[in-house]
2 protein chains.
Amino acid sequence: MRARSARGVRRAEPIALRREAKVEAIVAAAWELARAHGIAGISLRDLARAVGIKQPSLYVYFDSKDALYDEMFADGNRQLVARIEALDLPADPRLAVKVFIREWIAFALEDISRYQLLFQRHIPGFTPSPESYALAERALRPLIGLVRDAGAADPGDLDCMIAVVAGLTDAQISNDPTGDRWIRHTDRLIDLLIDHTNQE
Amino acid sequence: MRARSARGVRRAEPIALRREAKVEAIVAAAWELARAHGIAGISLRDLARAVGIKQPSLYVYFDSKDALYDEMFADGNRQLVARIEALDLPADPRLAVKVFIREWIAFALEDISRYQLLFQRHIPGFTPSPESYALAERALRPLIGLVRDAGAADPGDLDCMIAVVAGLTDAQISNDPTGDRWIRHTDRLIDLLIDHTNQE
DNA sequence: GTCTATACATCGATAGAC
DNA sequence: GTCTATCGATGTATAGAC
């Protein structure tokens, strides 16, 4: 009893960490496959091969393929949250909105598969779990206050801001992923939206 | 020789028409399946069953599933072109832009699967053929002149207009297909873009 | 935890008879 | 043109040895 308890206490954490590290390795390999074959083109057999195990062994770490996508969704949003929180936002709220949005767009253009999983509905049947979705909300939450402080206090203003940025980003990714034909208008449109809030 | 030639001349058209009618029936059935199971959820077996033939027989009419998608892409764009060309556009160019865009959005919201095939990259590996793509360009071409006449003559203005409308439409479809939380801002944003052209 | 082996379902696509 | 039969790939999942 005492030995079992001691073992449970002493080894629970390292084991969990080792497992977590393996999950992370699998997710990292999955991102690589996604970049190569598209987010929907991940095959569990390829993924298992990439991490040096056999396909059924993946089920030790994920209950289903959707659970893998959910882990990737959470992972991608954690990356975004880290990027956003590392930003040194200027005091001027209007400029802060622009800096925030620029970082969001840079993140989006960096990895198209990641963008599709996080911000589009590209996987048939996949819906993020509530826990993962909470991460997605956390990434965007700072923008709410910034937009309001910049003078666009109507909820519709935030809707427009996000939709406009998504529209520019989507056109950029779809038609010219390495150029700036669409996103070069971002700052100007942000100014327009702030200067002409929906409330007036 | 003469009989063969006569048969070729006399029957070539009816045969082609019968075949064309069958292709149209298959495409129509495919749209119905897409509405029920999503654009990527069309199975060739279900599609064959819907038109009363067996799955391999579809290959008499389409070389591949992508060829079916291409036919659907062309068909959807022909529907859009017809809708656009049937519009009675007002003389005032700014109002004409709004009427055009309203029709485009109504068309988009009418059938989400059609929207995804025509305006998003939702089918892995599918790229429209040049002929089909020409139809897509034809649907949007009238907007070029309207936007210019309305006072937004810079090419970037048209890019912005399309991207903004797509952003609003996409948010609407993704989050609330039957509501108007995003698209209710359309006219206001069109005015904004026209009043503050990129050239000034 | 990991493996082999296997089952069962789906799918797009092809060969060849009629 | 249409069919039957089949191929090879996929994803999902399980049983049972080690």
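Numbers restart at 1 for each chain; the letters A, B, ... are given by sequence-line order, proteins then strands. This one's a predicted model, so the numbers in the text were calculated from it and none came from an experiment.
The A:Tyr59 side chain lies nearest to D:dA13 when the options are C:dT2, D:dA13, C:dT14. In the set D:dT12, D:dG1, D:dC3, D:dC3 carries the atom at the smallest distance from any side-chain atom of B:Ser57. Looking at the side chain of A:Arg19, the nearest of the listed nucleotides C:dG1, C:dT2, D:dT4 is C:dG1. Side-chain proximity of B:Pro56 to the nucleotides D:dA13, D:dA5, C:dG12 is greatest for D:dA5.
At a threshold of 4.0 angstrom between heavy atoms, the contacts of B:Phe62 with the nucleic acid are absent. Nucleic acid contact class of B:Ile42 (heavy atoms, under 4.0 Å, all strands): sugar-phosphate only. Nucleic acid contact for A:Asp63: sugar-phosphate only, since backbone atoms but no base atoms lie under 4.0 Å from a heavy atom of the residue.
Atom-to-atom, CD1 of B:Ile53 to C1' of D:dT2 comes out at 8 Å; the value is rounded to the nearest Å. Put simply, CD1 on B:Ile26 is 8 Å from P on D:dT2, counting in whole angstrom units. In this structure, A:Gln55 places its CD atom 12 Å from C1' of C:dA5, rounding to the nearest Å.
For the salt bridge (charged side-chain N to carboxylate O under 4.0 Å, His left out) criterion with A:Glu85, the lone passing option out of A:Arg138, A:Arg141, A:Arg78 is A:Arg138.
Position along DNA chain D of the nearest nucleotide to A:Gly41 versus B:Arg45 favours B:Arg45 as the more 5'-ward residue.
If you check the side chains of A:Trp31 and A:Asp75, you find a donor sitting under 3.5 Å from an acceptor. With hydrogens and angles left out, the side-chain atoms of B:Asn198 and A:Arg188 include a donor and acceptor closer than 3.5 Å.
Of the side-chain N and O atoms in A:Ser43, one or more sit less than 4.0 angstrom from OP1 or OP2 of D:dG11. Regarding contacts with the backbone of C:dG12, a side-chain N or O of B:Lys65 is found under 4.0 angstrom from either OP1 or OP2. For A:Lys54 and C:dT6, the shortest distance from a side-chain N or O to OP1 or OP2 is not below 4.0 Å.
A salt bridge links A:Arg102 to A:Asp187: one of the charged nitrogens lies within less than 4.0 Å of a carboxylate oxygen.
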